[in-house]
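Below is one structure, written out as structure tokens; the observations come after it.
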Amino acid sequence: MTVESTAARKPRRSAGTRKSPSTKPELVQLLTPEGKRVKNAEYDKYVADITPEELRGLYRDMVLTRRFDAEATSLQRQGELGLWASLLGQEAAQIGSGRALRDDDYVFPTYREHGVAWCRGVDPTNLLGMFRGVNNGGWDPNSNNFHLYTIVIGSQTLHATGYAMGIAKDGADSAVIAYFGDGASSQGDVAESFTFSAVYNAPVVFFCQNNQWAISEPTEKQTRVPLYQRAQGFGFPGVRVDGNDVLASLAVTKWALERARAGEGPTLVEAYTYRMGAHTTSDDPSKYRADEEREAWEAKDPILRLRRYLEAANHADEGFFAELEAESEALGRRVREAVRAMPDPDRFAIFEHAYADGHALVDEERAGFAAYQASFADGEGA
């Protein structure tokens, strides 16, 4: 029987029903969802000297980051913020990678890296000012080596690559990390970043938080292979880590950063995690994903996982958890008070700096908007 006749007998699958390969790659995991420590010959050494105090610190980071995130979501629902992009469920990936960084490393975030911002010492209220529309970030990137949030999907990977190429030419021994999501991995900017970083051996770590949903599109609609395998085609290593395991995220990122600092070039880290909430507060995830899926991932909660380990190893007692709860409440109050004390956004700021020398059309639009706003005071626009 010929190849052609064999192929003719097999039903063809339409492009719309094509599926990714069923083989699931192994994750680098050091803590199971039940909080049990597992050994890993390659990555154990990167967390071998971690102390109980440092473990409690990682737990504290995740708890306070989640509390801040929850407070921000509530504030948006109360009309205090225009929008909010929650990190719920992604705390381990962000805190683990954020704590792997040295002070002289440089971070290029997207708009959801609130946990990394916390690790870099950025005041959380500055993040909220941006989402309230009263500042463009509110922090000096060079003070914390943490760049401003980037809303344009994927473009920060190019910025990171260029910066990494620059510090390599300067002879610096620091590294750069660029955060992006699974949705951004389909952007041309990301592919271009991979090309340039590989060719020029740039000291950059590409950290992809694969939360499995690019707004309403699942990852399998974007790729037929696991995302970390894309690095092979560009000539540098990729690794998939359990993004709900803070220890594994810490270890793998340390390894990747050490490679970069040693002149071994870029690495792609795919942190396999899950977005527990909505893409942003303008999104309703119940319209495109099943409750059963979310419930399955709730059982893998990154904070509960580390708490179980701390308790089983006698690294934390009830006094520690009680103090942290009080600290969490205090953070929530501080965030609420700070946001409510912020001014309302300047409604006319959108017309500023649209053109360097001004423009007649912008002046016309400003005048029309002013008349519209004035109509509310006159009762016409009610």
Side-chain angles (χ1 to χ4, degrees), residues 25 28 42-43 46 93-94 96-98 100-113 116 120 141-142 145-210 214 219 222-223 225-241 243 249-272:
V28 176
E42 189 170 358
Y43 296 102
Y46 294 98
Q94 294 194 17
S97 61
L101 294 160
R102 291 191 330 208
D103 289 344
D104 59 335
D105 295 330
Y106 209 101
V107 179
F108 287 83
T110 56
Y111 50 80
R112 200 187 300 274
E113 277 68 55
V116 185
R120 299 307 275 179
N142 294 322
N145 279 11
F146 184 83
H147 202 269
L148 298 176
Y149 274 8
T150 303
I151 307 299
V152 179
I153 305 300
S155 64
Q156 74 281 357
T157 60
L158 283 172
H159 307 156
T161 299
Y163 189 91
M165 291 166 60
I167 63 173
K169 287 184 177 295
D170 289 342
D173 122 353
S174 54
V176 177
I177 188 167
Y179 289 89
F180 59 99
D182 49 293
S185 69
S186 296
Q187 292 292 111
D189 285 358
V190 175
E192 189 175 348
S193 303
F194 287 179
T195 297
F196 270 82
S197 64
V199 170
Y200 290 96
N201 210 45
V204 58
V205 175
F206 296 105
F207 195 93
C208 176
Q209 293 176 85
N210 179 3
T219 308
Q222 301 188 68
T223 180
V225 299
L227 294 177
Y228 77 95
Q229 292 183 6
R230 289 184 175 180
Q232 297 176 16
F234 292 89
F236 58 88
V239 60
R240 176 180 270 195
V241 62
S249 297
L250 175 67
V252 169
T253 309
K254 278 187 174 183
W255 164 76
L257 289 167
E258 285 188 10
R259 285 192 73 257
R261 298 188 196 105
E264 297 178 26
T267 305
L268 171 61
V269 176
E270 178 194 356
Y272 193 70

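What you see is a predicted model, and the numbers here were worked out from it, not measured in a lab. These numbers come from the heavy atoms of this one structure, side chains and all, not from hydrogens, waters or symmetry mates.
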Closest approach of D173 and R102, non-hydrogen atoms and distance?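 It is OD1-NH2, 2.6 Å.
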Nearest atoms (heavy-atom pairs only) where V204 meets A260: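 So the two residues come closest at N-CB, 4.1 Å.
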Hey, mind stepping through F108 and F180 against ring-ring contact (aromatic ring centres under 6.0 Å, His included) and telling me if it holds? CA-CA 9 Å; F108 287 83; F180 59 99; over 10 Å; no
How would you list all residue pairs meeting salt bridge (charged side-chain N to carboxylate O under 4.0 Å, His left out) that involve residues 178-194, not counting sequence neighbours?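 Sorted pair list comes back empty.
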[atom1]-[atom2] distance between [X] and [Y], expressed to the nearest 0.5 angstrom:
X: E42; Y: W255; atom1: CD; atom2: CH2; answer: 6.5 Å
X: T157; Y: I177; atom1: OG1; atom2: CD1; answer: 13.0 Å
X: K254; Y: L101; atom1: NZ; atom2: CG; answer: 11.0 Å

Donor-acceptor pair, [X] side chain versus [Y] backbone, under 3.5 Å?
X: T150; Y: V152; value: no
X: Q156; Y: Y179; value: yes
X: E264; Y: R259; value: no

Taking everything shown except [X] itself, do over 12 heavy atoms lie less than 6.0 Å from its [atom1]?
X: D103; atom1: CG; answer: no
X: F234; atom1: CZ; answer: yes
X: F196; atom1: CZ; answer: no

For Y228, does the six-membered ring have the charged nitrogen or CZ of R240 within the cation-pi criterion, i.e. under 6.0 angstrom from the centroid and within 45° of the normal?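 No, R240 and Y228 do not form such a contact.
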